[in-house]
Amino acid sequence: MSSVPWLPGLLPFRAQPESHALRIDLGERSYPIHIGRLDWAECARQLSKPGQLALIVSNETVAPLYADRLRAALEPVYGRVESLILPDGEQHKNWRSLQSLQTALAQAGADRRTTLFALGGGVVGDLCGFAAAIWMRGVRFVQVPTTLLSQVDSSVGGKTGINLDEGKNLVGAFHQPVAVWADLAALASLPAREFSAGLAEVIKYGPIADLAFLDWLERHMEGLRARDADLLAVAVRRSCEIKAAVVAADEHEVDLRAILNFGHTFGHALENSLGYGHLLHGEAVGLGMLMATELSVQRLGLDPAWVPRLRRLLERAGLPVQAPRLAAPSFLALMRGDKKSEAGAIRYVLLPPGAGRAEMVAAPDAAALAAVHAHSA
Ligand SMILES: NC(=O)c1ccc[n+]([C@@H]2O[C@H](COP(=O)([O-])OP(=O)(O)OC[C@H]3O[C@@H](n4cnc5c(N)ncnc54)[C@H](O)[C@@H]3O)[C@@H](O)[C@H]2O)c1
């Protein structure tokens, strides 16, 4: 089978849930991504070189649901299994949680062979991954993502970090996990709004990398929202395949990996201007994708029919398609990421005519604001 020319190594889309693990190809840092209804005990047995201590990192919402099951799977493999349960929420992806994690590692007698297990969504995964990156200059960690967003995006690729008051994800490291266990059964307990937010990141992969997958999503969105197991397996697997191909080609985001930020320049500014708790990350990204598509029509001559096409799919995914009205000067400052810097046009991930691929393009502020206003109340 030939690969999709635009992404090296990515095979054409096949709408069949396959049970074997995907591998992300990063030389000696390659690792498996297990997707499906998983047997965690079997996944644990497949981990090579387990040390004496496993530390489960989770939060107050996820731990009561899944920590006992994870502990039971790890106990036959590790000499000792400890856990640290953090408060739930993006506002806890910070120094304080990182410090309690490092203290817990010290108090548990962790060494360089200790393995951390991130059990939760992207917040737990980013935080635990960063803690693993810096404990004794780097130890192994496993991602056990329990939200749709973390299964299709944040658990794969090795970006870890915490937020500062000054902005999201400002402190962090590239540190790849040794395995990802994306257990679709864990999605059963996810609230509907969080599930829809994850669908925004699934939809993202269509316009930037795979039009056949986008067509498939348009045929199956209601089934996906009903969490049909076979459909979910296809969607999570294809999302991970695309993410893995992009990361394998550009692990440290020198150029290509930036396309995964489609909708994120607008989305981050929306999240930041409205404050925590107003829009979920995936909801903001969905709105940002609409604005970026609008800007693609203006700047690159993308067919205008793409805007209603994407809006309709986001609506069917249960996502908001109209942002609250925003003050233009502060919104531009947020997109620039620096209130003081006024010079230079911001670069956006945009879709060229035909879509199915993406490129970084500078656009004047007036054009970006027009795209924002087209999708604001
Ligand atoms: N590292 C990356 O490449 C990357 C990529 C995208 C996003 N992110 C980060 O991911 C974070 C967002 O992740 P998220 O959307 O998973 O949010 P999240 O981790 O806050 O999880 C959302 C909510 O769902 C709850 N939850 C998780 N799993 C559950 C389950 N199975 N059942 C019931 N409730 C459950 C959580 O406790 C939380 O309240 C952001 O911090 C973002 O910056 C990182």
Side-chain angles (χ1 to χ4, degrees), residues 24 37-38 57-67 69-70 85-94 97-98 118-130 132-133 141 143-164 167-177 180-202 204-205 227 232 236 239-240 242-244 246-247 250-253 257-264 267-268 271-272 276-277 279-286 288 319:
I24 175 160
R37 300 178 79 83
L38 302 178
V57 180
S58 191
N59 72 23
E60 286 163 346
T61 305
V62 179
L65 298 169
Y66 303 110
R69 187 180 151 208
L70 183 55
I85 311 305
L86 296 162
D88 187 3
E90 181 75 40
Q91 68 275 27
H92 299 291
K93 197 174 116 176
N94 61 9
S97 300
L98 184 69
L119 175 67
V123 167
V124 166
D126 281 11
L127 185 63
C128 175
F130 189 40
F141 85 111
Q143 289 274 18
V144 190
T146 60
T147 63
L148 182 58
L149 183 140
S150 56
Q151 294 192 352
V152 300
D153 193 352
S154 62
S155 66
V156 174
K159 274 194 187 176
T160 72
I162 57 169
N163 303 326
L164 300 186
K168 281 191 63 171
N169 301 323
L170 287 181
V171 177
F174 284 102
H175 186 58
Q176 299 292 344
V180 179
W181 303 353
D183 190 344
L184 303 176
L187 300 179
S189 54
L190 195 63
R193 191 175 166 199
E194 294 289 350
F195 188 84
S196 288
L199 284 173
E201 300 280 5
V202 174
K204 171 186 82 177
Y205 292 112
R227 307 189 199 188
L232 264 180
V236 174
S239 300
C240 288
I242 296 170
K243 175 124 194 205
V246 173
V247 171
D250 178 24
E251 183 180 1
H252 295 119
E253 198 166 319
R257 188 166 175 170
I259 67 162
L260 298 173
N261 295 331
F262 179 53
H264 284 59
H268 280 154
E271 271 181 292
N272 288 334
Y276 288 132
L279 280 179
L280 298 178
H281 175 72
E283 292 172 338
V285 167
L319 288 156

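Indexing begins at 1, ligand by ligand and atom by atom, following the structure's order. Hydrogens, waters and symmetry mates are skipped; everything else that's a heavy atom, side chains included, is used.
For His264, the closest heavy-atom approach to ligand 1 does not fall below 4.0 Å. Heavy-atom distances between Ala186 and ligand 1 reach below 4.0 Å in at least one pair.
The closest protein non-hydrogen atom to atom 35 (C) of ligand 1 is Leu190 CD1, 3.7 Å. Among protein heavy atoms, atom 21 (O) of ligand 1 sits closest to Thr147 CG2, 3.6 Å. For atom 32 (N) of ligand 1, the closest non-hydrogen atom on the protein side is Ser189 OG, 2.8 Å. From the protein, the heavy atom lying nearest to atom 14 (P) of ligand 1 is Gly122 N, 3.5 Å. The nearest heavy-atom contact from the protein to atom 18 (P) of ligand 1 is Val123 CG2, 3.9 Å. The shortest contact between atom 26 (N) of ligand 1 and any protein heavy atom is with Val62 CG2, 3.7 Å. For atom 28 (N) of ligand 1, the nearest non-hydrogen atom of the protein is Thr146 OG1, 2.7 Å.
Among Ser154, Ser155, Pro145, the residue whose heavy atom lies nearest to atom 4 (C) of ligand 1 is Ser154. Of the candidates Lys243, Lys168, Glu271, Glu194, it is Lys168 that places a heavy atom closest to atom 42 (C) of ligand 1.
The Asp88 neighbourhood of ligand 1 comprises atoms 36 (C), 37 (O), 38 (C), 39 (O), with distances under 4.0 Å to a heavy atom of that residue. Interface atoms of ligand 1 facing Asn59, defined by a heavy-atom separation under 4.0 Å, are 36 (C), 37 (O). Counting the atoms of ligand 1 from 1 in the order shown, those under 4.0 Å from a heavy atom of Asn169 are 43 (O). Here is the list of ligand 1 atoms found below 4.0 Å of a heavy atom in Asp153: 5 (C), 6 (C). Those atoms of ligand 1 with a heavy atom of Leu65 less than 4.0 angstrom away are 32 (N), 33 (C).
Looking only at distances, a side-chain donor or acceptor of His264 sits under 3.5 Å from a matching main-chain atom of Phe262. Between the side chain of Lys243 and the main chain of Val156, a donor-acceptor pair closer than 3.5 Å is present. When atom types are taken as modelled, the side chain of Gln151 and the backbone of Asp183 share a donor-acceptor pair closer than 3.5 angstrom. Of the possible donor and acceptor atoms, one in the side chain of Tyr66 sits under 3.5 Å from a partner among the backbone N and O of Ala186. Proximity of a side-chain donor or acceptor of Ser239 to a complementary backbone N or O of Val202 within less than 3.5 Å is not detected. Judged by distance alone, with hydrogens and angles left aside, the side-chain atoms of Gln143 form no donor-acceptor pair with the main-chain N or O of Trp181 at under 3.5 Å. At least one donor-acceptor pair closer than 3.5 Å links the side chain of Asn94 to the backbone N or O of Ser97. Remark: the backbone N or O of Asn169 is paired with a side-chain donor or acceptor of Asn163 at under 3.5 angstrom.
Of the options Arg257, His252, Glu253, Lys159, a side-chain contact (heavy atoms from CB on, under 4.5 Å) to Val247 is made by Arg257 and by none of the others.
Taking the six-membered ring for Trp and thresholds of 30 and 60 degrees, Phe141 and His175 have nearly parallel ring planes, at less than 30 degrees apart.
Atom CZ of Arg193 has more than 12 heavy atoms from other residues, nucleotides or ligands within 6.0 Å.
By the 3.5 Å distance cut-off applied to N or O atoms, Arg257 is not counted among the residues near ligand 1. In terms of polar-atom proximity, defined here as any N/O pair under 3.5 Å, Glu90 does make such a contact with ligand 1.
Residue contacts with ligand 1, taken as heavy atom pairs separated by less than 4.0 Å, involve Leu149 solely via side-chain atoms from C-beta onward. Only the side chain of Asp126 comes within contact range of ligand 1, with a heavy atom under 4.0 Å; no backbone atom does.
For the atom pair CD of Glu201 and OG1 of Thr147, the computed distance is 10.0 Å after rounding to the nearest 0.5 Å.
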